[in-house]
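Read the numbers this way: they start at 1 and go in the same order the structure lists the ligands and their atoms. Residues: numbered from 1 along the sequence shown. What you see is a predicted model, and the numbers here were worked out from it, not measured in a lab.
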Amino acid sequence: MQNWNLSPRKILEDGPVIPVLVIEELERAVDLARALVRGGIRVLEITLRSDVALEAIQRIRCEVPEALVGAGTVTSAADLEAVVAAGGSFAISPGLSTSLLRAASQGEIPLIPGIATASELMQGLELGYDTFKFFPAEASGGISMLRALAGPFPGVRFCPTGGITGENYLDYLALETVTCVGGSWIVPGQFLADRDWEGITLLVRQTLAAASTT
Ligand SMILES: O=C(O)C(=O)C[C@H](O)[C@H](O)COP(=O)(O)O
């Protein structure tokens, strides 16, 4: 039923960390994307929480072709349409609604909807989705909730997001149903304010290196 040009699993497998980015100043978007790509992260989630988010997606798409840039905070079919128009390669939502899932199934870019309960997960499955954001991860039971969900739903894959940090991301990645984690911690606010692109690249390298040895 979905005829997407990219699979949500492939996006997650590109991880193991998807940075959740809130871009307030457009002129920093491209430098930030380059810093992340230099560190080894290709998949970037730009949240639709700022006025310049769609333009940031457009710019990164044109100027950092190595990146795979998509949108976060996609909560309606109208958001999804705007992301497609901006050239976003994928959409991620903090939750799910029937209208959003139906619209995305008919569109060309993949949607990774958010779930926090077994019932939401079942709604997603019913509409043909099997790869989800688990949000807000820490507040919704974290690792023990994911372990519990893996019992009845072993084939589902998750990208836990919300409360993931440098201290707990490896524990999440150790779970069989977790291919990737998402989070804002990978771009510390101070680094962004200081335009410390090298600092961001270094943090990404260290984060990925630790993940590859576990
Ligand atoms: O805006 C969205 O689309 C969201 O779903 C929320 C974000 O993914 C989380 O706010 C990130 O959480 P932190 O890594 O704890 O900062």
Side-chain angles (χ1 to χ4, degrees), residues 8 11-12 14-24 29 32-33 36 39 41 43-57 60 68-84 86 88-97 99-101 103-104 109-117 120-121 123-124 129 131-143 145-146 157-173 175 178-193 200 203-204 206-208 210-211:
I11 296 173
L12 263 48
D14 214 290
V17 176
I18 297 183
V20 177
L21 307 171
V22 183
I23 310 257
E24 301 286 357
L32 174 58
L36 291 162
I41 284 181
V43 175
L44 312 179
E45 175 184 342
I46 312 286
T47 61
L48 298 187
R49 292 202 222 169
S50 72
D51 295 342
V52 298
L54 289 168
E55 221 175 322
I57 291 173
I60 294 170
L68 184 72
V69 60
T73 336
V74 174
T75 59
S76 66
D79 282 349
L80 186 65
E81 216 174 291
V83 171
V84 171
S89 295
F90 61 88
I92 302 185
S93 180
L96 56 75
S97 70
S99 60
L100 176 61
L101 266 51
I109 67 165
L111 169 74
I112 300 176
I115 65 105
T117 66
E120 291 162 0
L121 198 159
Q123 268 180 279
Y129 290 74
T131 305
F132 300 94
K133 172 171 177 159
F134 175 52
F135 177 79
E138 280 287 286
S140 307
I143 286 172
M145 176 65 165
L146 284 168
R157 290 294 173 269
F158 298 100
C159 177
T161 308
I164 310 300
T165 66
E167 278 73 54
N168 63 14
Y169 78 108
L170 292 175
D171 298 333
Y172 277 94
L173 288 174
L175 300 175
V178 173
T179 326
C180 179
V181 297
S184 60
W185 98 93
I186 196 81
V187 178
Q190 197 56 48
F191 284 31
L192 195 55
I200 291 171
L203 178 59
V204 168
Q206 288 166 343
T207 303
L208 298 188

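A donor-acceptor contact shorter than 3.5 Å links the side chain of Tyr169 to the backbone of Thr207. Although no hydrogens or angles enter the test, the distance criterion places no donor-acceptor pair under 3.5 Å between the side chain of Glu55 and the main chain of Val52.
Atom OG1 of Thr47 sits about 7.5 Å away from atom CG of Leu21, to the nearest 0.5 Å.
Around atom CG of Asp171, more than 12 heavy atoms belonging to other residues, nucleotides or ligands sit under 6.0 Å away.
Sorted by chain and number, the residues within 4.0 Å of ligand 1 by heavy atom are Val20, Thr47, Arg49, Gly72, Thr73, Pro94, Lys133, Phe135, Thr161, Gly162, Gly163, Gly183, Ser184.
Annotation: side chain of Leu44 is not in contact with side chain of Leu68 (no heavy-atom distance under 4.5 Å). Between Leu12 and Ile112, some side-chain heavy-atom pair lies under the 4.5 Å cut-off.
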